[in-house]
Undergrad: 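This is the structure I want to talk about, given as structure tokens.
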Amino acid sequence: MNKIEHIGIAVTNLKAAGNLYEKLLNTTVYKIEDVASEGVKTAFLQTGPNKIELLEASNPDSPIAKFIAKKGEGIHHIAFEVDDIIAEMARLKNEGFVLLSDEPKKGADNKLVCFVHPKSAGGVLVELVQES
Ligand code: ZN
């Protein structure tokens with residue numbers, strides 16, 4: 001894996017959280033995107049070389065709604081950039097990690113993504129990200 005691509009943070013209100021993180025990081029939200037397939041609305045901020053993805057549930061069945069009901073707002077996942085998501089998924093599967101999908105999915109920011117189940121990754125939801 002190349003580097004941390006972004007950190008995902010679950011929030012209840014994208015607008016309010018966007019304002020908060022703009023103040024905190026002294027930067028601006030540069031993109032807002034609806035990822036209907038995942039039931040989330042996302043906002044991106046950049047600070048130096050690093051990206052923060054804010055995630056708000058867009059429906060009650062969204063994984064973000066379930067996460068917030070269980071754990072409250074906060075860090076939701078860490079995304080790592082990979083060159084070849086198919087090869088990386090195969091490697092992780094071989095190593096015994098549990099992937100949340102058999103195929104890469106279209107994620108926010110025009111990327112191909114796949115999640116690794118937190119139960120197999122030390123309690124952390126890990127996202128693989130490849131530029132598409
Ligand atoms: Zn993400």
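Keep in mind that the numbers below use all heavy atoms, side chains included, and drop hydrogens, waters and symmetry copies. First listed ligand is number 1; within each ligand, the first listed atom is number 1.
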Undergrad: Which label fits Phe44 and Tyr30: parallel for a plane angle under 30°, tilted from 30 to 60°, or perpendicular past 60°?
TA: tilted
Undergrad: Could you identify the N, O or S atom of Glu127 positioned closest to the Zn ion (ligand 1)?
TA: OE1
Undergrad: Rounded to 10°, how big is the angle at the Zn ion (ligand 1) from Glu53 OE1 to His6 NE2?
TA: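 Rounding to the nearest 10 degrees gives 90°.
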Undergrad: So that I know where these two stand, are Phe97 and His117 an aromatic pair - ring centroids less than 6.0 Å apart?
TA: no
Undergrad: Would you call Lys41 and Glu33 a salt bridge, using N to O less than 4.0 angstrom?
TA: no
Undergrad: Decide, counting backbone as well as side-chain atoms, whether Glu5 has an N, O or S atom less than 2.8 Å from the Zn ion (ligand 1).
TA: no
Undergrad: If I take every N, O or S atom of His77, is at least one of them less than 2.8 Å from the Zn ion (ligand 1)?
TA: yes
Undergrad: So, the side chain of Ser58 versus the backbone of Gly39: is there a donor-acceptor pair under 3.5 Å, distance only?
TA: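 Present.
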